[in-house]
Amino acid sequence: MTYTPAPSFTTRPTLTGTFGMSASTHWLATATAQAVLERGGNAFDASVAAAFVLHIVEPHLNGPGGDLVGIFQTADAATPTVLMGQGPAPAGATIEHYCSEGLELVPGAGGLAAAVPGAVDAWLLLLRDHGTWELADVLAYAIGYARDGHPLVAGAAATIARVADLFREDWTTSAALWMPAGELPSAGQVVRNPAYANVLDSLVHASCTVRDDGPVGRAARIDAARTEWRTGIVAQEASAFLAQPHRHSGGGTHAAVITPEDFAAFEAGYEPPVMREFRGHTIAKAGAWTQGPALLQTLGLLEPLDDDLLDPSQEAGAHTILEAQKLAYADRDAWFGDADVDLETLLGAEYLAERRALIGQTASTEFRPGSPGGRTPLRPPLRTSYDAPAVGTGEPTVAKTGETRGDTCHIDVIDRWGNIVSATPSGGWLQSSPTIPALGFCLGTRLQMTWLEPGHPSSLVPGKRPRTTLTPTLVLQGGTPEFAIGSPGGDQQDQWQLLALLRVIVGGYTPQQAIDAPALHTSALPESFWPRTWTPAGAVVENRLGEDVIAGLERRGHVVTRAGDWALGRVSAAGRDEAGVLWAAANPRGMQGYAAGR
């Protein structure tokens with residue numbers, strides 16, 4: 001059988017040009033990035049400026065108290081570099097302490113789930129080393145939106161409505177910020193955050209203490225702002241405020257364990273990527289402290305198969321993709337973490353052949369991690385249900401008690417010089433934990449991705465990074481960056497990116513055609529977010545996949561959940577074609593993501 005042809009209709013065009021391209025999950029961030037490019041900034045200046053705007057305009061999807069994973073390549077570099085903005089568990093975050101609090105899982109909401117915030121330091125590091133602008137100019141966009149206001153997106157308004165009772169009854173500082181006078185904000189209402197504007201101003205003021213006008217002075221100014229972030233008002237106020245007992249998901253009241261010393265000890269950094277070839281392209285991901293290598297393993301499982309088995313729009317292809325992902329994610333949950341992970345074996349041809357042979361004609365209901373090198377896999381707790389409030393499919397998925405599954409944002413930028421950035425900032429959602437009044441934001445909940453059972457690669461260990469779901473991608477050909485791509489979505493981030501990659505590389509779709517095409521994903525994996533349940537043989541599909549395909553999946557034993565016509569995936573991408581023409585594409589779902597460029 002042949003690959004399903006791309007539809008002639010798309011919700012918007014794949015943008016093309018020669019100057020610069022930006023794509024993100026919010027139009028104001030995209031416009032900010034493009035404005036920086038228009039004023040002579042490069043892709044790094046643009047992505048950092050846009051990222052700080054995302055903190056303001058998508059507060060339910062990311063925040064300054066959160067984290068990020070980025071991957072980029074400078075115009076003069078031979079290989080990509082990973083930007084590591086994932087903070088570790090605080091020194092006091094021990095399994096013994098959490099168990100003594102009566103917990104079986106790290107909570108999905110509340111200060112006990114906070115890793116050390118890493119996003120702001122990572123963005124400042126990237127700006128220092130690869131940008132050209134001064135910090136004050138880069139932050140001016142975000143400061144303006146925080147102080148002067150911006151229209152609240154519908155998703156943020158809906159999120160606040162879902163947690164309104166929690167805010168009113170327990171997290172009163174969050175109510176004061178997001179529900180002034182006790183009223184729920186409406187979509188489109190102009191909202192302001194003067195406290196966070198003051199925090200950003202404090203970073204600019206710290207940078208101004210360095211008077212050298214040259215490049216050495218610029219780097220020192222940004223380092224001064226980094227020091228202020230790690231040791232100043234943010235570290236002090238966040239630690240003191242969250243040390244007060246407050247409500248967590250599950251209903252318990254606990255005090256956080258994060259301290260100013262935890263803030264001061266963390267610095268963002270750079271790492272080499274993990275890369276694998278697929279059908280003439282090189283796919284570059286962050287290491288196994290993220291879920292990124294699971295995408296590489298999935299591609300390795302699929303690569304030698306016939307094209308129709310790599311087609312999500314056909315029954316056999318959708319089934320094969322789901323089954324391959326279940327095997328890859330079982331290995332993720334058994335082996336990945338902030339540890340010495342044997343990726344050489346996990347991505348090796350012999351091991352992949354063994355795993356590929358497990359893909360049958362019907363849906364597996366088992367959790368099947370492999371045994372690379374003959375080692376026994378560690379199995380996380382498998383729960384099909386948990387005593388927790390219900391949450392919906394798709395995203396954003398926020399329960400009334402604040403826990404959130406997979407809410408994130410994404411940005412891609414490519415400039416006329418050939419610099420390219422793909423970054424997925426997340427965490428610090430407005431519903432993560434109580435707002436710190438002096439700061440105007442809360443800390444994140446990334447520690448919910450760790451286990452309270454010892455000995456696992458992703459067990460809770462002080463100083464170790466939680467195995468994150470954040471997973472941006474760079475695609476290269478002959479060592480030259482072809483495109484940056486990424487998506488929000490928690491455990492679904494790489495699953496939705498996989499569909500786009502297959503449709504572009506194998507099916508010949510344009511980027512916008514691939515992003516618009518109907519999506520699906522497996523839920524037959526232990527979720528990375530509280531309450532960490534799984535659905536054996538579970539599959540979530542967009543109705544547009546078609547009755548015949550959906551019925552075929554059900555006949556094969558998949559437990560199918562229909563999510564709606566336009567519900568899954570928030571992929572965006574930007575790149576350069578073989579002729580040197582720049583392009584960008586963005587997801588239409590949710591009517592929020594946009595691309596721009598010329």
I'd like to know if the side chain of [X] and the backbone of [Y] have a donor-acceptor N/O pair within less than 3.5 Å.
X      : Y      : answer
Gln493 : Thr471 : yes
Ser24  : Ile411 : no
Ser459 : Glu453 : yes
Trp178 : Ala161 : no
Thr172 : Arg168 : no

Charged N to carboxylate O below 4.0 Å: is that the case for [X] and [Y]?
X      : Y      : answer
Arg465 : Asp67  : no
Arg128 : Asp121 : no
Glu134 : Arg218 : no
Glu271 : Lys285 : no

_Check against salt bridge (charged side-chain N to carboxylate O under 4.0 Å, His left out), Arg147 and Asp201_ = CA-CA 11 Å; Arg147 180 158 287 128; Asp201 273 338; 2.9 Å; yes

_Test of understanding: with side-chain contact (heavy atoms from CB on, under 4.5 Å), list the residues that count as partners of Gln189, not counting sequence neighbours._
Pro185, Ser186

*For residues Arg39 and Trp133, determine if any side-chain heavy atom of one lies less than 4.5 Å from a side-chain heavy atom of the other.*
yes

Below 3.5 Å, can you tabulate the donor-acceptor pairs from side chains in residues 75-83 to any protein atom, sequence neighbours excluded?
residue, atom, partner, partner atom, Å
Asp76, OD1, Thr74, OG1, 2.8

*asked:* Using salt bridge (charged side-chain N to carboxylate O under 4.0 Å, His left out), reason through Arg332 and Glu527 one step at a time and then give a plain yes or no.
replied: CA-CA 11 Å; Arg332 177 200 74 171; Glu527 293 177 319; over 6 Å; no

*Regarding Thr424 and His410, is there a side-chain donor-to-acceptor distance under 3.5 Å anywhere?*
yes

